[in-house]
Asks: 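One structure is given below, represented as structure tokens, and several questions about it will come after.
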Amino acid sequence: MLIPQSPKALRAILPAALVPILFLTACKSDYPASGRTGSSDSKSVPRQVKTVKVGETPIGETVTVNGTLAAYDQTTAGIKVPGRLQTITVDLGSVVRKGQNIAQLEQQDYKLHVQQAEAALAQARARLGLNPDGADDRVSSEETGTVRQAKAVLDDAKLKRDRASKLVQQGVIPHAEWDTVDSEYKVALSRYQDAVEEIRNRQGLLAQRRSELALAKQQLADTIVYAPLDGVVLTKKASVGEYLAAGAPVVDIVRINPLRLRVEVPEREAHNIRNGQSVRVSVEGDPNSYLGYIKRLSPTIGEQNRVLAVEADVANNGRLRPGAFVKAEIITNQSAVAVTVPVNAIVTFAGIEKVIVVENGKALEKPVTTGRRGSDWIEIKSGVNVGDTVVVDPGNLQSGQSVTEF
């Protein structure tokens, strides 16, 4: 049985009972939210993009191998004569030019040797009747005083002998006197021959003194160490004040332009390698590629590892260093072409490389497989074909979005 409620009680109950009804009514309301009011389909607005056609680039067929860069030449500059090191003008990393003065010994002792040799030469020239300071060592033995004197005595003895020969035939003088005159002639002839031989000996001594002077001057010149080639100092091996023996090393110098690229080509590819072929060299961490040319091939294939040793000369702009590990692409066929796109047409996400093509006015993502790379191109092995239109610098362009080309 319902118990009548007072008007005051009913007024207290009604508001509480109406709250759930009002809440449900509000949840089912068709009043648009503010977020839906301003929303629009962004894909319906065409976006202007720059596009290019997938083309073919002549990049040649290549053999890719790993190798090492080495110095073109390496030598040790040493001292040729013993002495104490006075100066050294280079150190590790110094750039030197061929013929540059890089070190010097103390020269005083060698200067004294030169003076001594000059004095001995002047004495030898004087004994031959030559000017001590002259440079011409030619002399005729008959013109020397020693030979002229002996020749005069010989001529006098010959004259006396001839006179005595006539007198003894006439019976004017006894035969014993003839024997005496004949003996004097033979002694004079012997003395003349000795004089000629003495002059020849002095001429030989003069030549020896001339050689000794040249040797002393050469030793003086050898106190200076010159760079034997253009290059960079690899190691400094001596210090100022150190006494060095003949042949002691002073510095090691390497020639780094060009560099030698040394690679080993597998036997299956060796038949394609020829002298003069181009080589593209890339170093990890360096975006640039460097050009070289094959210069030397091994005459045999290694029996142990079945590879062909190949050397190429690579021009060095100063950024390459001997000993670096490099990747080399030997171009075996210059006329070969490859499908390529610009570098800035590739989009990489989570390790997957893609390009965005334009089909029927809409963007479409396509995964691709890339190959060789140049400074402004990338080879596409699969994913798109020659003539397809790809977007350059796509940014945040999404697949399915409308685009217009400009």
Side-chain angles (χ1 to χ4, degrees), residues 35-36 38-67 263 265-266 268-269 272 277-292 314 319-320 324-406:
R36 290 195 300 269
S39 64
S40 64
D41 187 2
S42 60
K43 294 183 179 180
S44 63
V45 180
R47 175 176 167 179
Q48 287 190 335
V49 295
K50 181 180 179 182
T51 61
V52 295
K53 296 289 186 181
V54 178
E56 290 183 329
T57 302
I59 60 176
E61 294 178 357
T62 63
V63 175
T64 303
V65 289
N66 294 325
V263 298
V265 178
R268 64 180 180 274
E269 303 285 358
N272 294 322
Q277 288 176 335
S278 302
V279 183
R280 286 194 297 266
V281 178
S282 57
V283 183
E284 186 175 356
D286 187 348
N288 299 317
S289 60
Y290 302 88
L291 183 63
V314 180
R319 303 184 65 178
L320 297 176
F325 182 77
V326 299
K327 177 182 176 182
E329 293 181 343
I330 303 174
I331 303 174
T332 57
N333 183 0
Q334 293 280 3
S335 61
V337 296
V339 178
T340 61
V341 298
V343 173
N344 53 357
I346 299 293
V347 178
T348 303
F349 180 75
I352 300 176
E353 293 179 314
K354 300 179 180 180
V355 296
I356 298 181
V357 300
V358 177
E359 293 184 358
N360 301 322
K362 293 185 179 295
L364 178 63
E365 292 183 0
K366 285 191 175 183
V368 293
T369 302
T370 61
R372 291 163 289 182
R373 296 171 181 257
S375 59
D376 57 355
W377 55 265
I378 295 180
E379 179 187 8
I380 303 297
K381 293 185 175 181
S382 64
V384 292
N385 300 315
V386 175
D388 289 347
T389 302
V390 297
V391 178
V392 178
D393 293 322
N396 60 353
L397 184 64
Q398 298 178 5
S399 184
Q401 185 173 348
S402 298
V403 295
T404 58
E405 302 176 33
F406 70 92

Asks: Mind checking the NZ-NZ spacing from Lys354 to Lys366? Nearest 0.5 Å is all I need.
Replies: 13.5 Å
Asks: If every non-hydrogen atom of Ile356 is compared with every non-hydrogen atom of Leu397, which pair is closest and at what distance?
Replies: CD1-O, 3.6 Å
Asks: Determine, step by step, whether Arg47 and Asn396 satisfy the side-chain contact (heavy atoms from CB on, under 4.5 Å) criterion, reporting the C-alpha distance in whole Å, the side-chain angles of both residues, the deciding distance to 0.1 Å, and the verdict.
Replies: CA-CA 11 Å; Arg47 175 176 167 179; Asn396 60 353; 2.9 Å; yes
Asks: With side-chain contact (heavy atoms from CB on, under 4.5 Å) as the test, would you mind laying out the steps for Val355 and Ile346 before giving the verdict?
Replies: CA-CA 5 Å; Val355 296; Ile346 299 293; 3.6 Å; yes
Asks: Strictly by modelled atom types, are Ser382 and Thr369 linked by a side-chain donor-acceptor pair under 3.5 Å?
Replies: yes
Asks: Of all the heavy-atom pairs spanning Thr332 and Thr62, show the shortest one and how long it is.
Replies: OG1-N, 4.2 Å
Asks: Can Thr370 and Lys381 be counted as having a side-chain donor-acceptor contact under 3.5 angstrom?
Replies: no
Asks: Restricting to non-hydrogen atoms, name the atom on Gln277 and the atom on Ile331 that form the minimum distance, rounded to 0.1 Å.
Replies: CB-O, 3.7 Å
Asks: Does the pair Asn385 and Val54 meet the rule for a side-chain contact (heavy atoms from CB on, under 4.5 Å), with working shown?
Replies: CA-CA 7 Å; Asn385 300 315; Val54 178; over 6 Å; no
Asks: Side chains of Asp388 and Lys53, heavy atoms from C-beta outward: is any pair under 4.5 Å?
Replies: no
Asks: Please examine the side chains of Leu364 and Ser399, heavy atoms only from C-beta on, and report whether any two atoms are closer than 4.5 Å.
Replies: yes
Asks: Distance-only check: which donor-acceptor pairs under 3.5 Å involve side-chain atoms of residues 336-345, not counting sequence neighbours?
Replies:
| unit_1 | atom_1 | unit_2 | atom_2 | d |
| --- | --- | --- | --- | --- |
| Thr340 | OG1 | Thr57 | OG1 | 2.6 |
| Asn344 | ND2 | Asp393 | OD2 | 3.4 |

Asks: To the nearest 0.5 angstrom, please state how far the CD atom of Glu405 sits from the NZ atom of Lys50.
Replies: 12.5 Å
Asks: Taking all atoms of both residues into account, what is the closest heavy-atom pair of Phe325 and Val283, and its distance?
Replies: O-CG1, 4.2 Å
Asks: Using side-chain contact (heavy atoms from CB on, under 4.5 Å), reason through Val326 and Val263 one step at a time and then give a plain yes or no.
Replies: CA-CA 9 Å; Val326 299; Val263 298; 5.7 Å; no
Asks: Would you mind reporting whether Pro394 and Val49 have side-chain heavy atoms less than 4.5 Å apart?
Replies: no
Asks: Hey, could you give me the CG/CG distance between Leu320 and Asp286, rounded to the nearest 0.5 Å?
Replies: 7.0 Å
Asks: Taking atom NZ of Lys327 as the centre, report whether more than 12 heavy atoms of other residues, nucleotides or ligands fall under 6.0 Å from it.
Replies: no
